[in-house]
Amino acid sequence: MEISRTNIDNGNKFDWGKASADYAKYRDIYPEEFYKKLVELGLGIKGQKVLDIGTGTGVLPRNMYRFGAYWTGTDISEEQIVQAKLLSENSCMDIAFFACPAEKLGDIDSRFDVLTACQCYWYFEHEKTAPQFAKLLNEGGKVAFLMMNWLPFEDEIAGKTEELVLKYNPEWSGKGDTMKPIAVPAAYLEYFDVEASGEFLLPVHFTRESWNGRIRACRGIGASSLTEEQKSEWEKEHLAMLAAYPQEFDIMHYAAYVVLKKK
């Protein structure tokens, strides 16, 4: 499904379905510290019903499943949901997945203790999602916005990779991130109070292949409107650049979170 947002990539269309196979293989990269932080915050723990919005291939529910919550995952992309179902079934995990835009979740006939949105909340139409999220939550329920991005100014490989992505897709707006708090869109403050927030550094381990695959699965390359020939040319240049580095390396990332509690 093609998506377009005026604040994303200068309005250029993107489609996560194009990147689903690579996403399933290369985007399950969050370190253990990331999941431990969620448990410390009391999210995704035993007895809770959790809805993961923009679940992609179900990375968050699958990795948090061991902590005992009952998970449901939704995503706008049918192709992503297909991969999420396959991966969870192959691991014998009882997770419900279905395709649905974040803006159309209000009709779900269920209530949750926690809603999570990892690496996706910036795509939401917040004036629509804020009241729906409040409706979906039980009394005292919480919404957690989560993200983890590489740091191109602190990490040489990440910086050079970004330069190559921008060479082929100059409108890509995922560039140039720095460690900063998550800014809560104003629409949520009518329904929620900010309970907790924070940021922390995370080195993430890659091989040349897995880093190339992780970038190939990003919005700037795999999910973009670039032609297959352009993607192939980008990959040739990227692999040639990576050949100058060790076979394995860490890429410095930072994670950020904000937890909102229903009023």
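Positions are given from 1 along the sequence. No experiment lies behind these values; they were computed from the predicted model shown.
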Open item on the list: Is it the case that over 12 heavy atoms from other parts of the model lie below 6.0 angstrom from the NZ atom of Lys263?
Closed with: yes
Task: Glu163/Lys160 ion pair, N-O < 4.0 Å - done: no
Open item on the list: Within the supplied structure, the quantity of interest is the number of heavy atoms (other residues, nucleotides, ligands) at a distance under 6.0 Å from Glu32 CD; does it exceed 12?
Closed with: yes
- [ ] Using atom types as modelled and distance alone, determine if a side-chain donor or acceptor of Glu79 lies under 3.5 Å from a backbone N or O of Lys18.
- [x] no
Open item on the list: Less than 6.0 angstrom from the centroid, inside 45 degrees of the normal: does Lys49 satisfy that with respect to the ring of Tyr70?
Closed with: no
Open item on the list: Would the distance check show the side chain of Gln83 and the main-chain N or O of Thr57 forming a donor-acceptor pair, the cut-off being under 3.5 Å?
Closed with: no
- [ ] Following the transitive rule for hydrophobic clusters with a side-chain heavy-atom cut-off under 4.5 Å over Ile, Leu, Val, Met, Phe, Trp and Tyr, establish whether Met147 and Phe124 coincide in one cluster.
- [x] yes
Open item on the list: Count I, L, V, M, F, W, Y as connected when their side-chain heavy atoms are under 4.5 Å apart, and connections chain through other members. Are Leu60 and Ile53 then in the same cluster?
Closed with: no
Open item on the list: Between Tyr168 (side chain only) and Lys231 (backbone N and O only), is there a donor and an acceptor less than 3.5 Å apart?
Closed with: no
Open item on the list: Please give the remaining members of the hydrophobic cluster of Leu86, linking ILVMFWY side chains under 4.5 Å, ordered by chain and number.
Closed with: Val82
TODO: Please confirm whether the backbone N or O of Ala223 pairs with a side-chain atom of Asp15, one donor and one acceptor, at under 3.5 Å?
DONE: no
TODO: Report yes or no: does Asp155 contribute a side-chain atom to a donor-acceptor pair with the main-chain N or O of Ala158 at less than 3.5 Å?
DONE: yes
Open item on the list: With a 4.5 Å cut-off on side-chain heavy atoms, are Glu248 and His205 touching?
Closed with: yes
Task: Nearest heavy-atom neighbours spanning Arg219 and Trp16 - done: N-CH2, 3.5 Å
Task: Ring centres under 6.0 angstrom apart (Phe133, Tyr121) - done: no
- [ ] Using ring pair (Phe, Tyr, Trp, His ring centres under 6.0 Å) as the criterion, point out the one residue from Tyr257, Tyr123, Phe192, Tyr188 that pairs with Phe145.
- [x] Tyr188
Open item on the list: So for atom CD, which belongs to Gln247, do other residues, nucleotides or ligands contribute more than 12 heavy atoms lying within a distance under 6.0 Å?
Closed with: yes
Open item on the list: Tell me every residue that passes side-chain contact (heavy atoms from CB on, under 4.5 Å) with Lys167, counting only those two or more places apart in sequence or in another chain.
Closed with: Leu164, Glu237
Task: Derivation of the side chain to side chain contact (heavy atoms under 4.5 Å, CB included) call for Glu125 and Arg5 - done: CA-CA 9 Å; Glu125 297 177 51; Arg5 298 285 186 268; 4.0 Å; yes
Open item on the list: Hydrogens and angles aside, do Glu162 and Trp150 bring a side-chain donor and acceptor to less than 3.5 Å of each other?
Closed with: yes
Task: Atom CD of Glu233: over 12 foreign heavy atoms under 6.0 Å - done: yes
Task: Considering all heavy atoms, the nearest Leu105-Cys100 contact - done: CD2-SG, 3.8 Å
Open item on the list: If you compare all heavy atoms of Phe153 against all heavy atoms of Gly176, which two are closest, and at what distance to 0.1 Å?
Closed with: CE1-O, 3.5 Å
Open item on the list: By the definition side-chain contact (heavy atoms from CB on, under 4.5 Å), identify the one residue from Leu38, Thr116, Thr72, Asp113 that meets it with Val50.
Closed with: Thr116
Open item on the list: For the backbone of Tyr245 and the side chain of Arg208, can you confirm whether one donor and one acceptor N or O come within less than 3.5 Å of each other?
Closed with: yes
Open item on the list: Tell me whether Ser232 contacts the main-chain N or O of Glu229 through its side chain, where contact means a donor paired with an acceptor under 3.5 Å.
Closed with: no
